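What follows is one structure encoded as structure tokens, with my remarks underneath.
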Amino acid sequence: MQLETEGVKAVVFDVDGTLFDKSKLPLHLILADPLYMFILNNERKERKSLAGVWFGDERTYYETLYGKVAIRSRISSKRVKWWYEHRYMPAMVRVLKRHYRLREWVPELLPQLRAQGIKVALFSDYGCVEERLAALGFDPSWADLVTDAPSMGGLKPCKESLLAVCRHLGVEPSETLMVGDRDDLDGESARRCGMRFRLVGQE
């Protein structure tokens, strides 16, 4: 994959669907832990309802998510938190390690960008991002920053979260290129911040 990097000081990559093809991921997650399928389905629905909302910090985001999933699932928020941390995220890591690999261009492009003096960040809407990337075979030396939207205070297309990534990198949004597989989330986040955007598919 080729990127137009003239005037670009940093590139922010979405993770899921961008660095790897996430086809059939929900199905694999259900098969990995069918006992909690009903919570998984409810988490996906409530996560969508929180897209683009600014919570200000990670704790407030997760408390809100757990609370909404708990009401929909008719269980306690404490139980949802336990499921997310001890069942869902570990299952996600196992599934990624077993069924998924990085796209072929990732090991070449990211180090190349850094060698050119361009900062590289990975920005996921899901937590446990470092563990998930390790399961995919990602080398931490390929990026200057690995982070997730919840820890920045809100899911895409919340502009505040992406602006926080720019601050961590020490660059202006106008100097930053966002690369993602969804125009409605990654692209909209970039537009709200005044960034350039590159939509990727199955390269």
Side-chain angles (χ1 to χ4, degrees), residues 12-53 55 57-104 106-107 110 121-140 142-143 145-158 161 180-182 184-186 200-202:
V12 179
F13 290 89
D14 167 60
V15 176
D16 303 276
T18 301
L19 298 188
F20 71 99
D21 181 356
K22 64 178 179 181
S23 299
K24 298 183 181 180
L25 182 56
L27 174 61
H28 286 305
L29 289 171
I30 289 172
L31 294 175
D33 198 7
L35 182 63
Y36 289 90
M37 178 178 66
F38 75 103
I39 307 181
L40 173 63
N41 289 334
N42 290 336
E43 188 272 345
R44 292 176 64 82
K45 292 175 183 177
E46 293 301 341
R47 173 181 287 274
K48 289 181 180 179
S49 76
L50 301 180
V53 179
F55 293 94
D57 58 69
E58 183 177 26
R59 178 178 178 179
T60 303
Y61 164 75
Y62 278 115
E63 286 180 349
T64 303
L65 175 65
Y66 296 155
K68 291 174 74 68
V69 175
I71 292 172
R72 185 182 285 270
S73 304
R74 298 183 180 180
I75 58 177
S76 69
S77 294
K78 184 177 180 179
R79 183 67 173 174
V80 174
K81 182 176 185 293
W82 175 87
W83 164 79
Y84 191 92
E85 294 177 350
H86 298 282
R87 302 288 297 217
Y88 185 31
M89 285 296 103
M92 177 85 78
V93 171
R94 292 195 306 272
V95 163
L96 292 179
K97 187 171 184 178
R98 181 174 182 180
H99 297 284
Y100 296 89
R101 295 294 179 269
L102 294 169
R103 296 193 191 276
E104 291 183 359
V106 175
L110 274 62
L122 304 189
F123 184 50
S124 175
D125 257 348
Y126 287 87
C128 204
V129 63
E130 293 180 348
E131 293 87 345
R132 293 189 294 112
L133 285 169
L136 291 166
F138 186 85
D139 185 333
W142 297 343
L145 175 67
V146 174
T147 189
D148 59 89
S151 70
M152 295 295 181
L155 304 182
K156 300 174 228 171
C158 175
S161 295
D181 69 310
R182 293 190 57 172
D184 60 332
L185 297 179
D186 307 312
V200 299
Q202 303 298 317

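Computed from a predicted structure; not experimentally measured.
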Nearest 0.5 Å, please: how far is OH in Y88 from CG in L40? 5.0 Å

Look only at the side chain of T18 and the backbone of D181, and say whether a donor-acceptor pair between them is shorter than 3.5 Å. yes

Backbone N or O of S23 within a donor-acceptor pair of the Y100 side chain at under 3.5 Å? yes

Test side-chain contact (heavy atoms from CB on, under 4.5 Å) on V15 and Y126; report intermediate values, then the result. CA-CA 9 Å; V15 176; Y126 287 87; over 6 Å; no

Walk me through it: do W83 and I75 pass the test side-chain contact (heavy atoms from CB on, under 4.5 Å)? CA-CA 11 Å; W83 164 79; I75 58 177; over 6 Å; no

Less than 4.0 Å between a side-chain N and a carboxylate O, is that true for K156 and D14? yes

Would you call the rings of H28 and H99 parallel, tilted or perpendicular, where under 30° means parallel and over 60° means perpendicular? parallel

Are side-chain heavy atoms of L133 and V146 found at a separation under 4.5 Å? yes

What distance do F20 atom CZ and R101 atom CZ have between them, rounded to the nearest 0.5 Å? 11.5 Å

Any donor-acceptor pair under 3.5 Å linking the side chain of S77 with the backbone of A70? no

Expected output: side-chain S151 to main-chain D148 donor-acceptor under 3.5 Å: yes

Return yes if a side-chain donor-acceptor contact under 3.5 Å exists between S73 and R79, otherwise no. no

Within-4.5 Å side-chain heavy-atom neighbours: Y61 and L155: yes

Any side-chain heavy-atom pair from Y84 and V69 closer than 4.5 angstrom? no

Return yes if some donor-acceptor pair links the side-chain N/O of R47 with the main-chain N/O of D125 below 3.5 Å, else return no. yes

Between the CZ atom in R44 and the NZ atom in K48, the distance rounded to the nearest 0.5 Å is 6.0 Å

Once rounded to the nearest 0.5 Å, what's the spacing between atom CZ of R59 and atom OG1 of T64? 11.5 Å

From CG (L35) to CD1 (I30), nearest 0.5 Å: 13.0 Å

Kindly say whether I39 contributes a backbone atom to a donor-acceptor pair with the side chain of R72 at under 3.5 angstrom? no

Test side-chain contact (heavy atoms from CB on, under 4.5 Å) on D16 and R132 and set out the steps. CA-CA 10 Å; D16 303 276; R132 293 189 294 112; 3.0 Å; yes

Below 30° counts as parallel, above 60° as perpendicular, anything between as tilted: where do the rings of Y36 and F38 land? parallel

Would you compute the distance between atom CG of L136 and atom CG of L96 and round it to the nearest 0.5 angstrom? 5.0 Å

